[in-house]
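Every heavy atom of this structure was used, including side-chain atoms; hydrogens, water molecules and symmetry mates were not. We're numbering straight along the sequence, starting at 1.
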Amino acid sequence: MTVHLLDHPLVHHKLSLIRDRKTPGSLFRALTEEVGLLLAVEATRDLPTDSVVVETPLERTGTRRLKPLDPVLVPVLRAGLGLLPSFLKLLPTAKVGHLGLYRDHDSLVPVPYYRNFPPLLEARPVFVLDPMLATGGSASEAVRQLKSAGAITLTLVSVLAAPEGIERLQKDHPDLTIVVGAIDRQLNEKGYILPGLGDAGDRLFGTA
Ligand code: PRP
Ligand code: URA
């Protein structure tokens, strides 16, 4: 498994604000989108391109364009929705799949409740969007469902990860690529990331 950790001053700065419990929901959402843009730049680094020739106002030149078969973005509901606008900004023609999962409060096992994937998953790069990689149960289940629907080239994009979650994915999906803004210290006894940022879904959508 490949893990890309975004060690960038803008990510450090924005994460310091995202983590702050005093940051209001509107700013939390905006900052998640901004970090999402930086993650998206890194996550799309290996997208395949074709050679093309264009006429600039001055001359013909060889250049490159993304291959025509659009990538797929799959936000894991709910919190993954916070990263979707950034990815759609850079990949406006991407197809969007949705996957609804919530963690059972006691067992921490992900419970699936909704799924709608676009066609041709096997031929497209697929980006799974979920700001939080904690125990890794939700991400592992998302990747499992996408693989069983045909996806081959999969990248998980998260704002924060716990070492436990990375270890779990390394075991379950060694072929996965992960792009992450920070790797935190550990999980607490309730499966929350420490130091973390709290409950991403609640902070994004004001449901705390
Ligand atoms: C959060 C988060 C991940 C999951 C991570 O979702 O968005 O999907 O927990 O935890 P894990 O790695 O231990 O599985 P949650 O289940 O709270 O649902 P929500 O986004 O609807 O609030
Ligand atoms: N989900 C969250 O939203 N936050 C955590 O710290 C762990 C799981």
Side-chain angles (χ1 to χ4, degrees), residues 1-15 29-77 79-99 114-131 133 139-140 142-161 166 169-170 173-183:
M1 193 174 72
T2 314
V3 181
H4 297 280
L5 172 63
L6 229 64
D7 186 12
H8 189 290
L10 288 178
V11 176
H12 294 303
H13 176 77
K14 291 174 196 304
L15 276 181
R29 262 196 307 279
L31 288 161
T32 301
E33 280 192 37
E34 290 168 20
V35 171
L37 273 178
L38 295 159
L39 291 167
V41 169
E42 183 62 29
T44 52
R45 183 178 289 284
D46 294 328
L47 278 184
T49 54
D50 290 324
S51 303
V52 292
V53 174
V54 300
E55 298 265 357
T56 78
L58 300 173
E59 63 177 23
R60 273 165 78 80
T61 187
T63 177
R64 306 197 70 79
R65 284 203 180 139
L66 291 176
K67 284 198 177 287
L69 198 60
D70 293 313
V72 173
L73 310 174
V74 183
V76 177
L77 309 180
L81 292 173
L83 293 173
L84 185 61
S86 330
F87 276 74
L88 280 175
K89 193 161 274 180
L90 295 186
L91 298 167
T93 61
K95 309 299 179 216
V96 181
H98 290 84
L99 183 61
Y114 183 74
R115 166 179 163 159
N116 187 338
F117 296 154
L120 294 178
L121 285 178
E122 63 283 356
R124 306 176 192 270
V126 176
F127 297 92
V128 180
L129 312 181
D130 192 333
L133 173 59
S140 182
V143 170
R144 189 195 66 74
Q145 288 207 26
L146 282 158
K147 282 182 175 174
S148 77
I152 295 167
T153 309
L154 281 146
T155 303
L156 170 71
V157 180
S158 295
V159 173
L160 290 187
I166 292 177
L169 290 179
Q170 170 73 58
H173 302 291
D175 51 343
L176 183 68
T177 298
I178 302 182
V179 178
V180 64
I183 300 174

> Grab the two heavy atoms, one from Leu90 and one from Val41, that are nearest each other, plus how far apart they are.
CD1-CG2, 4.0 Å
> Taking the side chain as everything from C-beta on, heavy atoms only, tell me whether Leu129 gets closer than 4.5 Å to Phe87.
yes
> Please examine the side chains of Val128 and Val157, heavy atoms only from C-beta on, and report whether any two atoms are closer than 4.5 Å.
no
> For a 4.5 angstrom cut-off between non-hydrogen side-chain atoms, does Thr155 reach Ile178?
no
> Listed by chain and number, what are the salt bridge (charged side-chain N to carboxylate O under 4.0 Å, His left out) partners of Arg60, not counting sequence neighbours?
Glu55
> Who are the side-chain hydrogen bond (donor to acceptor under 3.5 Å, both in side chains) partners of Arg65, not counting sequence neighbours?
none
> Are His98 and Leu77 packed together at the side-chain level, in the sense that at least one heavy-atom pair is separated by less than 4.5 angstrom?
yes
> Which heavy atom of Pro125 sits nearest a heavy atom of Pro48, and at what distance?
CG-CD, 4.4 Å
> For the CG atom of Leu10 and the CG atom of Leu37, what is their distance to the nearest 0.5 Å?
11.0 Å
> Apply side chain to side chain contact (heavy atoms under 4.5 Å, CB included) to the pair Met1 and Leu169, showing each step before the final yes or no.
CA-CA 8 Å; Met1 193 174 72; Leu169 290 179; 3.8 Å; yes
> So do the side chains of Val96 and Val72 get within less than 4.5 Å of each other, counting heavy atoms only?
no
> CD1/Ile166 to CG/Leu5 distance, rounded to the nearest 0.5 angstrom?
8.0 Å
> Any side-chain heavy atom of Phe127 within less than 4.5 Å of one from Val74?
no
> Any chance you could measure Leu66, atom CG, to Leu47, atom CG, to the nearest 0.5 Å?
5.5 Å
> Step by step, would you call Leu156 with Leu133 a side chain to side chain contact (heavy atoms under 4.5 Å, CB included)?
CA-CA 9 Å; Leu156 170 71; Leu133 173 59; 4.1 Å; yes
> Indicate the atoms forming the closest heavy-atom contact of Pro118 with Gly97, along with that distance.
CD-CA, 3.7 Å
> Could you work out, with salt bridge (charged side-chain N to carboxylate O under 4.0 Å, His left out) as the rule, every residue matching Arg45, not counting sequence neighbours?
Glu42
> Ignoring hydrogens and geometry, is there a side-chain-to-backbone donor-acceptor pair from Ser158 to Leu160 under 3.5 Å?
no
> For side chain to side chain contact (heavy atoms under 4.5 Å, CB included), just list the numbers for Tyr114 and Leu99, CA-CA rounded to whole Å, side-chain angles, deciding distance to a tenth of an Å, and then say yes or no.
CA-CA 6 Å; Tyr114 183 74; Leu99 183 61; over 6 Å; no
> When rounded to the nearest 0.5 angstrom, what distance separates CG in Leu88 from CG in Leu84?
4.5 Å
> Show me the pairs that pass side-chain hydrogen bond (donor to acceptor under 3.5 Å, both in side chains) and involve residues 118-130, at least two apart or across chains.
none
> Measuring only between side-chain heavy atoms, which start at C-beta, is Thr177 closer than 4.5 Å to Thr153?
no
> Hey, is NE2 on His13 packed in by over 12 heavy atoms from elsewhere, all under 6.0 Å?
no
> So, taking the atom named OG in Ser140 and the one named CD in Gln170, what distance separates them when rounded to the nearest 0.5 Å?
12.0 Å
> Going by salt bridge (charged side-chain N to carboxylate O under 4.0 Å, His left out), name the residues that satisfy it together with Glu34, two or more places apart in sequence or in a different chain.
Lys14
> Determine whether a donor-acceptor pair (N or O, by modelled atom type, separation under 3.5 Å) exists between the side chain of Ser86 and the backbone of Glu33.
yes
> What distance do Leu91 atom CG and Asp70 atom CG have between them, rounded to the nearest 0.5 Å?
8.5 Å
> Would you check, one step at a time, whether the test side chain to side chain contact (heavy atoms under 4.5 Å, CB included) holds for His4 with Leu6?
CA-CA 6 Å; His4 297 280; Leu6 229 64; 5.7 Å; no
> Apply salt bridge (charged side-chain N to carboxylate O under 4.0 Å, His left out) to Asp175 and list each qualifying residue two or more places apart in sequence or on a separate chain.
Lys147
> Under 4.5 Å between any side-chain heavy atoms of Leu121 and Val126, yes or no?
yes
